[in-house]
Q: 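First, the structure itself, so that you have it in front of you.
Numbering of residues begins at 1 and proceeds along the displayed sequence. Keep in mind that what you see is a predicted model, and the values were worked out from it rather than measured.
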Amino acid sequence: MSDALVTRLRSALGDAAVVDDPDVLDSHRHDHATFSPAGVPRVLARPTSTSEVAEVLRAAGSFGVPVVTQGARTGLSGAANAIDGCLLLSTSRLDRILDISVEDQVAVVQPGVVNADLSRAVLGKDLFYPPDPSSWEMSTIGGNIATNAGGLCCVKYGVTSDFVRAVEVVLASGEIVRTGRRAAKGVAGYDLTRLIVGSEGTLGVVTEATLALRPAPEAGLTAAATFRSIEDGIAAAAAVMASGLRPSLLEFLDQPTLRAIQDYRDMGLPGDVGSMLLAQSDRGPRAAEDVARIAAICTEHGAIEVAEASDVEESRMLLEARRLVNSALEPLGTTLIDDVSVPRSQLVALLRGIAAIGDKYQVLICCPGHVGDGNMHPTVVFDRNDPAAEERALEAFGAVMELGLRLGGTITGEHGIGTLKAGWLETELGPVGLELHRRIKRAFDPDNLLNPGKVLQAF
């Protein structure tokens with residue numbers, strides 16, 4: 001059966017677009033959530049058009065073969081991980097920017113376009129695409145849509161779903177549907193576009209997206225402030241947000257994260273402080289004034305030291321530390337990256353609770369995050385070769401999610417569910433909410449062939 005599938009795919013897509021070499025397949029088994037389980041795929045297809053994607057899904061459906069859609073595989077929840085015997089559908093060759101309209105302030109793109117490439121292309125027309133996950137130099141628009149990715153600029157501009165006007169989607173049956181519209185406003189029918197965004201490849205395969213753009217802001221200026229404690233840093237961040245200022249970025253680094261970054265690359269970061277805030281304003285001529293006000297607020301809340309960038313290059317250097325977080329933590333061991341999000345009023349309780357969880361389970365938990373919108377990234381670091389350490393890490397990971405829910409938050413603010421958090425979804429949604437999700441899944445994918453076992457453990 002599988003050989004017949006491969007033959008059919010090669011007939012439709014050409015030999016070069018269909019790969020069954022075991023070494024290549026092995027290199028595509030998982031995303032960046034390497035701790036999540038990954039199976040052995042049967043074949044990899046690399047279509048170049050919507051019609052080819054439709055043919056791939058029709059072929060898979062005729063043989064009852066599950067399909068896992070992959071972009072750049074930079075995800076952190078295991079949503080793009082292979083399952084045994086699946087067909088991997090790569091969107092990497094669907095990588096064209098089809099249109100950038102200054103008049104409509106939209107871009108129409110295929111899913112394989114890299115986020116940073118789109119950002120640079122629209123900037124050339126004095127436009128701006130705000131969603132900017134830390135992986136923006138690698139992650140694709142399709143992957144960003146699949147997980148409803150956020151990023152450093154979310155505190156001011158919002159997440160991916162706030163910028164997706166319309167999508168073209170291929171359903172499991174091979175049928176093609178367009179949802180949403182190019183126009184700035186429209187309320188006809190159910191909002192299927194928002195339903196597709198964040199569905200992690202379980203409802204259909206996005207082959208085209210119409211994205212809203214903004215006028216390009218001026219280059220941002222940045223301030224960095226260090227504090228003796230976590231509490232002082234959080235209090236300063238809350239005061240910034242309550243001041244009426246809307247920074248374009250407000251990030252938090254705790255002491256373990258600062259030490260890891262400094263060990264990874266000498267950036268002159270202090271290792272004896274409790275926390276650091278990074279804030280940015282992109283309000284052009286008023287950016288310097290905003291940064292000065294943010295610096296003053298930090299000083300009022302006990303900052304040990306405040307550095308204000310005087311130009312774009314200094315701002316870039318200050319922000320580099322935040323971009324290096326994931327790379328800096330990798331040498332410390334295997335990582336389980338959480339992304340709980342809580343109301344800003346509960347951030348101190350969250351950070352204190354995370355410290356207590358680390359002590360209880362005897363694991364290192366670093367906690368950087370997007371403090372301006374309450375979306376933190378507690379990262380459990382452990383030795384995967386030590387079974388006892390692995391067990392404690394998993395217990396700590398679950399305890400962090402339980403804490404986030406108890407504080408009125410969510411188990412995921414931007415990374416998605418995948419397989420890593422699928423067991424916790426019912427805890428957040430409740431049994432009725434979970435059953436509604438299953439009914440929606442059955443309506444889109446009645447044979448459960450699209451990314452089965454992701455998001456929903458049971459069909």
Side-chain angles (χ1 to χ4, degrees), residues 130-134 149-159 220 222-258 260-261 269 273-282 290-291 293-307 315 318-326 329 337-355 365-379 400 403-404 407-410 412-415:
D132 65 335
S134 294
L152 304 187
C153 292
C154 290
V155 65
K156 180 175 181 178
Y157 293 103
V159 297
T222 306
T226 56
F227 300 87
R228 289 181 177 83
S229 68
I230 285 173
E231 290 81 359
D232 287 348
I234 297 295
V240 168
M241 296 303 295
S243 69
L245 291 167
R246 274 298 172 262
S248 55
L249 176 150
L250 188 59
E251 295 292 304
F252 177 88
L253 299 171
D254 66 348
Q255 185 184 70
T257 306
L258 285 167
I261 295 169
L269 297 176
V273 299
S275 60
M276 173 184 278
L277 284 186
L278 294 165
Q280 186 177 87
S281 172
D282 61 2
D290 288 353
V291 167
R293 286 181 62 192
I294 291 170
I297 291 170
C298 290
T299 300
E300 291 168 7
H301 285 79
I304 302 169
E305 184 178 0
V306 181
S315 293
L318 287 175
L319 289 179
E320 185 180 5
R322 178 62 183 89
R323 297 279 187 190
L324 286 174
V325 167
N326 288 341
L329 296 181
I337 303 176
D338 236 320
D339 73 314
V340 293
S341 185
V342 300
R344 286 196 297 267
S345 60
Q346 298 297 323
L347 280 169
V348 170
L350 177 70
L351 271 294
R352 286 175 175 168
I354 288 169
I365 306 180
C366 299
C367 195
H370 313 307
V371 69
D373 55 24
N375 184 195
M376 304 302 286
H377 295 314
T379 303
V400 169
L403 173 63
L407 295 174
T410 176
T412 177
E414 59 185 8
H415 292 170

Q: Please check if the side chain of Asp132 supplies one atom and the backbone of Leu152 the other of a donor-acceptor pair under 3.5 Å.
A: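 Side chain of Asp132 to backbone of Leu152: a pair is present.
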Q: Passes side chain to side chain contact (heavy atoms under 4.5 Å, CB included), His415 versus Thr412? Steps please.
A: CA-CA 6 Å; His415 292 170; Thr412 177; 4.2 Å; yes
Q: At their closest point, which heavy atom of Asp254 faces which heavy atom of Cys367, and how far apart are they?
A: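 Minimum heavy-atom separation between Asp254 and Cys367: OD2-N, 2.8 Å.
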Q: Quick one: list whatever passes side chain to side chain contact (heavy atoms under 4.5 Å, CB included) with Asn375, sequence neighbours left out.
A: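 Here the qualifying residues are Asp339, Ser341, His370, Asp373, His377, Glu414.
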Q: Work out which heavy atom in Ala279 is nearest to a heavy atom in Leu250; give both atom names and the distance.
A: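 Here Ala279 and Leu250 meet closest at CB-CD1, 3.6 Å.
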Q: What's the shortest heavy-atom distance between Cys153 and Pro130, and which atoms?
A: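 That would be CB-O, 3.9 Å.
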Q: Look up atom CG in Leu253 and atom CG in Leu277, then write down how far apart they are to the nearest 0.5 Å.
A: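 Result: 8.5 Å between the selected atoms.
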Q: Mind checking whether Leu258 and Val273 have side chains closer than 4.5 Å, heavy atoms only?
A: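 They are in side-chain contact.
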Q: Step by step, work out the side chain to side chain contact (heavy atoms under 4.5 Å, CB included) result for Val291 and Thr222.
A: CA-CA 7 Å; Val291 167; Thr222 306; over 6 Å; no
Q: Rounded to the nearest 0.5 Å, what separates atom CD in Glu305 from atom OG1 in Thr226?
A: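 OG1 of Thr226 is found 5.5 Å from CD of Glu305.
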Q: When rounded to the nearest 0.5 angstrom, what is the spacing between CG in Leu269 and CD in Gln255?
A: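 The CD atom of Gln255 is 12.0 Å from CG of Leu269, to the nearest 0.5 Å.
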Q: Mind checking the OG-CZ spacing from Ser275 to Phe252? Nearest 0.5 Å is all I need.
A: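 The OG atom of Ser275 sits 4.5 Å away from the CZ atom of Phe252.
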Q: Any side-chain heavy atom of Pro247 within less than 4.5 Å of one from Gln280?
A: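 No, side chains not in contact.
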Q: Would the distance check show the side chain of Arg246 and the main-chain N or O of Met241 forming a donor-acceptor pair, the cut-off being under 3.5 Å?
A: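 Side chain of Arg246 to backbone of Met241, a donor-acceptor pair under 3.5 Å: yes, one is there.
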Q: For the side chain of Arg322 and the backbone of Glu251, is there at least one donor-acceptor N/O pair under 3.5 Å apart?
A: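 Here the side-chain-to-backbone pair does not exist.
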Q: Could you walk me through whether Val325 and Ser134 pass the side chain to side chain contact (heavy atoms under 4.5 Å, CB included) test, one step at a time?
A: CA-CA 9 Å; Val325 167; Ser134 294; over 6 Å; no
Q: What residues form a side chain to side chain donor-acceptor pair (under 3.5 Å) with Thr299, not counting sequence neighbours?
A: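 Partners of Thr299 under the side chain to side chain donor-acceptor pair (under 3.5 Å) test: none.
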Q: Considering non-hydrogen atoms only, spot the tightest contact between Gly274 and Ile230 and give its length.
A: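 Between these two residues, the closest heavy atoms are O-CG1, 4.0 Å.
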Q: Return yes if some donor-acceptor pair links the side-chain N/O of Thr379 with the main-chain N/O of Ile337 below 3.5 Å, else return no.
A: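 Answer holds: no.
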Q: Report yes if some heavy atom in the side chain of Leu403 is under 4.5 Å from a heavy atom in the side chain of Val340; otherwise report no.
A: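 Side chain of Leu403 against side chain of Val340, heavy atoms only: no contact under 4.5 Å found.
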Q: Does the side chain of Pro343 come within less than 4.5 Å of Leu407's, by heavy atoms?
A: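 The answer is no, as the side chains (C-beta and beyond) never meet within the 4.5 Å cut-off.
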Q: Using 0.5 Å steps for rounding, measure from the CD1 atom of Ile304 to the SG atom of Cys298.
A: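 Here the interatomic distance stands at 12.0 Å.
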Q: Quick one: do Met376 and Leu351 satisfy side chain to side chain contact (heavy atoms under 4.5 Å, CB included)? Show the steps, please.
A: CA-CA 9 Å; Met376 304 302 286; Leu351 271 294; 4.2 Å; yes
Q: Of all heavy-atom pairs between Phe227 and Ala236, which one has the smallest distance, and what is that distance?
A: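 What the structure gives for the nearest pair is CZ-CB, 3.6 Å.
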Q: Quick one: are Ser243 and Ile297 in side-chain contact, heavy atoms under 4.5 Å?
A: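 They are in contact (side-chain heavy atoms under 4.5 Å apart), so the answer is yes.
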Q: If you take all heavy atoms of Val159 and Cys154, which pair is closest and at what distance?
A: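 Looks like CG1-SG, 3.6 Å.
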Q: Counting only N and O atoms by type, is there a donor-acceptor contact under 3.5 Å from the side chain of Ser229 to the main-chain atoms of Asp232?
A: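 Checking the backbone N and O of Asp232 against the side chain of Ser229, a donor-acceptor pair under 3.5 Å is found.
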Q: Mind checking the CG-OG1 spacing from Leu324 to Thr257? Nearest 0.5 Å is all I need.
A: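 Output value for this atom pair is 12.5 Å.
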